[in-house]
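Reading through the structure tokens given below for one structure.
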2 protein chains.
Amino acid sequence: MTRSPADHGRPTPRSAKPRPLTLRDVSEASGVSEMTVSRVLRNRGDVSEGTRARVLEAARRLGYVPNRIAGALASQRVNLIAVIIPSLSNLVFPEVLGGISSELEGTGLTPVVGVTNYSPAREEQVLYEMLSWRPSGVILAGLEHTPAARAMLLSAGIPVVEIMDVDGTGVDSVVGISHRRAGRQMAQAIVAAGYRRIGFLGTKMPEDHRSRKRLEGFAEGLAEAGLQLADREFYSGGSALKKGREMTEAIMARSPDLDFLYYSNDMIGAGGLLWCLEAGIDVPGRLGLAGFNGVDLLEGLPRRLATMDACRAEIGRRAARIVGGHETGPKVVELTPVLQPGDTIRPSA
Amino acid sequence: MTRSPADHGRPTPRSAKPRPLTLRDVSEASGVSEMTVSRVLRNRGDVSEGTRARVLEAARRLGYVPNRIAGALASQRVNLIAVIIPSLSNLVFPEVLGGISSELEGTGLTPVVGVTNYSPAREEQVLYEMLSWRPSGVILAGLEHTPAARAMLLSAGIPVVEIMDVDGTGVDSVVGISHRRAGRQMAQAIVAAGYRRIGFLGTKMPEDHRSRKRLEGFAEGLAEAGLQLADREFYSGGSALKKGREMTEAIMARSPDLDFLYYSNDMIGAGGLLWCLEAGIDVPGRLGLAGFNGVDLLEGLPRRLATMDACRAEIGRRAARIVGGHETGPKVVELTPVLQPGDTIRPSA
DNA sequence: CTGAAAGCGCTAACAT
DNA sequence: ATGTTAGCGCTTTCAG
């Protein structure tokens with residue numbers, strides 16, 4: 001690429017942009033046909049040690065990086081798994097990703113991540129983008145999607161695994177937990193421990209269906225015992241730990257007779273716990289607390305917050321196994337979260 | 001695709017795998033040539049309103065999703081930016097990603113993320129994978145790479161932006177802060193506040209060069225005042241908050257006369273802070289504390305840990321701007337982290 | 001404003 | 001064990 005006179009005023013070009021190398025270059029440099037070079041580079045078919053060595057040497061020397069775009073087009077095969085999640089700052093999703101990656105390791109499949117920020121429209125858009133690269137599978141969070149997104153998933157002709165949640169109807173395979181059941185189970189444990197005036201603190205995100213389902217299940221669990229939520233408080237945005245403090249202070253100021261607070265996630269629960277301890281509130285005697293997720297962070301708190309493990313890494317692993325084509329089992333895999341009472345629920349009466 | 005007799009024994013196929021639709025299908029359905037359909041779908045060139053409408057209608061009705069693999073091969077253009085980072089569970093990197101995404105929004109470029117787990121070999125491998133998709137730019141963390149990785153970056157013929165760290169020599173553009181300077185600055189602030197017996201607590205990760213550089217700068221800063229580190233403690237893996245507690249307890253048991261603890265990140269610093277408060281230690285009178293990063297989490301703690309903002313989102317935004325081809329400025333952009341004294345350094349004497 | 005032809009860089013399928 | 005041929009589905013280029 002020669003520089004035109006117009007180039008004069010411009011800053012130095014980022015780099016001389018040489019035409020990227022092709023198989024042909026390696027072929028010429030090694031004196032082996034393109035086809036055989038291709039075979040060597042992909043470890044496919046029988047190639048004699050001699051030619052293999054010559055080809056690899058030439059490829060290395062030239063710094064050849066194969067063009068997968070061409071390869072994928074020719075072979076009609078793409079080693080990519082689209083993974084679509086609501087957020088990366090939630091800590092939960094990186095853990096799921098970890099599970100997916102570890103399981104995909106060595107299968108030749110590579111996860112590619114897209115983030116929706118809990119917006120269904122954005123999810124649709126991200127899905128469209130990713131499908132346009134013709135991945136060999138899709139893993140996405142939740143069962144709620146726009147009609148167009150569902151349609152795309154149905155007609156994509158590839159394995160689809162919806163994760164995190166089993167309360168609803170999936171497109172293809174589903175791996176997750178029942179958040180409704182988790183909420184109910186927590187309610188039962190709380191009631192069994194003798195708490196009666198119970199408040200809920202959570203996010204104000206209409207699109208966080210899992211949090212919503214937990215709350216619904218929780219309310220059902222209370223209803224079974226003839227109880228109902230005594231008060232509730234919602235937030236959005238900001239430092240979750242700080243919000244947890246503020247909300248806890250607010251709800252306790254408004255309803256001082258509450259004897260239990262159920263948080264929609266561990267982070268705000270941790271904030272609430274810190275506030276209670278500072279305020280000199282007897283936890284779990286005077287006031288019980290519980291969160292959800294079972295995040296690592298909890299281990300470092302002054303007291304262990306009661307929580308429920310969401311099986312994050314395991315969900316990722318199972319989903320990866322299914323999308324990779326192994327695992328011929330049922331279409332719906334329901335994992336069972338375990339209640340971790342910690343130190344913030346008093347022992348059952 | 002008809003089912004062969006061999007299909008009998010297999011579980012129901014995941015889905016009837018229809019040949020994905022092509023431009024030709026849309027062309028036939030709309031009675032418009034492939035070429036014009038292509039133009040409509042890409043908003044390129046002039047197309048009459050009538051044909052445009054007919055094409056869009058047909059595409060929508062069929063559920064056509066373009067094949068970017070073919071498109072990219074034909075146009076020699078890929079709208080992808082490779083982003084390579086060490087970890088997703090660090091909280092720091094999702095924030096950088098946020099900056100990158102927000103800046104790329106609307107430019108037609110899409111970030112694609114690869115994770116190295118702080119392994120140079122893995123980084124090389126991920127880079128190779130990503131370059132094989134011929135992205136139009138690369139953003140990657142740090143200045144330290146394997147020789148092969150450097151070579152690939154140099155010959156890729158695309159913009160390369162190395163982020164987070166400016167202490168060293170980059171391949172192309174660099175956006176970050178000087179961790180060495182950050183460490184030194186913190187040391188100076190601590191010394192100015194009158195602390196003299198200073199300990200360091202950090203990760204045991206040989207490949208975390210930024211943490212290492214901070215420590216080096218910190219030691220230099222102390223040396224300028226005729227001081228040196230009185231003790232140090234390292235960890236790896238596990239819940240950072242908990243590790244912070246444990247390490248703090250350990251180092252204070254071993255060196256009870258320490259009057260300041262410098263942590264390599266806020267998370268372990270927060271753990272240390274919680275431990276100190278519980279242990280009834282006067283912070284910052286008897287013992288001062290400081291971390292690094294300026295994470296959101298700190299806002300919810302009982303006391304605000306002293307820290308230094310690492311300019312994470314800004315780094316992401318600047319890097320994205322450069323890799324996108326805007327910003328013709330200098331090759332190295334050094335951002336300036338700001339010391340946030342919080343409540344854990346006593347006022348300077 | 002619309003269409004026809006050529007080919008992007010690679011691999012499947014078939015020779016040899 | 002190695003080479004040849006014919007596309008993959010799209011976009012570029014040039015012609016109407």
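Keep in mind that what you see is a predicted model, and the values were worked out from it rather than measured. Labels below follow one simple rule: chain letters A, B, ... track the order of the sequence lines, proteins then strands, and each chain is numbered from 1.
For dG9(C), the OP1/OP2 oxygens have no side-chain nitrogen or oxygen of Y64(A) closer than 4.0 Å.
Protein chain A contacts DNA chain D over a range whose 5' and 3' limits, counting nucleotides with an atom under 4.0 angstrom from a non-hydrogen atom, are dA1(D) to dG9(D).
By the 4.5 Å heavy-atom criterion applied to side chains, H145(A) and L127(A) are not counted as neighbours. Here the side chains of Y64(B) and S155(A) are not in contact, with every heavy-atom distance at 4.5 Å or above. Side-chain contact check for R317(A) versus S102(A): some heavy-atom pair is nearer than 4.5 Å. Annotation: side chain of L153(B) is not in contact with side chain of D172(B) (no heavy-atom distance under 4.5 Å). V112(A) is not listed as a side-chain neighbour of P135(A), based on a closest heavy-atom distance of 4.5 Å or more.
E123(B) places no side-chain N or O within donor-acceptor distance of the main-chain N or O of I84(B), the cut-off being under 3.5 Å. Side-chain N or O atoms of S136(A) include one that pairs as donor or acceptor with a backbone N or O of V78(A) at under 3.5 Å. Between the side chain of S27(A) and the main chain of L23(A), no donor-acceptor pair closer than 3.5 Å is present. E162(B) places a side-chain N or O within 3.5 Å of a backbone atom of V171(B) that can act as its donor or acceptor partner.
Considering CE of M152(A) and CE of M130(A), their distance stands at 12.5 Å, rounded to 0.5 Å.
Around atom CZ of R24(B), no more than 12 heavy atoms belonging to other residues, nucleotides or ligands sit under 6.0 Å away.
Atoms CG (L73(A)) and P (dG7(C)) sit 16 Å apart, rounded to a whole Å. Rounded to whole angstrom, the span from the CG atom of D25(A) across to the P atom of dC10(C) amounts to 9 Å. Atom pair W133(B):CH2 and dG9(C):C1' shows a separation of 13 Å (rounding to whole Å applied).
We find that R54(B) and E57(B) are not joined by a salt bridge, their nearest charged nitrogen and carboxylate oxygen being 4.0 Å or further apart. A salt bridge does not link E103(A) to R318(A): none of the charged side-chain nitrogens sits closer than 4.0 Å to a carboxylate oxygen.
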Step-by-step side-chain contact (heavy atoms from CB on, under 4.5 Å) determination, L131(B) to V138(B): CA-CA 9 Å; L131(B) 288 181; V138(B) 183; 4.0 Å; yes

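The stretch residues 110-119 of chain A participates, sequence neighbours left out, in these side-chain hydrogen bond (donor to acceptor under 3.5 Å, both in side chains) pairs: N90(A)-Y118(A).
Fit an axis to the five pairs at each end of the helix from dC1(C)-dG16(D) to dT16(C)-dA1(D) and the two axes sit 30° apart, to the nearest 10 degrees.
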Protein-nucleic acid N or O pairs under 3.5 Å, nucleotides 14-16 of chain C:
none

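Residues from residues 44-52 of chain A placing a heavy atom under 4.0 Å of any atom in DNA chain D, listed by number, are D46(A), V47(A), S48(A), T51(A). Against DNA chain C, the stretch residues 30-38 of chain A makes heavy-atom approaches under 4.0 Å through M35(A), S38(A).
Using a 4.0 Å heavy-atom cutoff across all strands shown, R42(A) reaches sugar-phosphate atoms only and no base atom.
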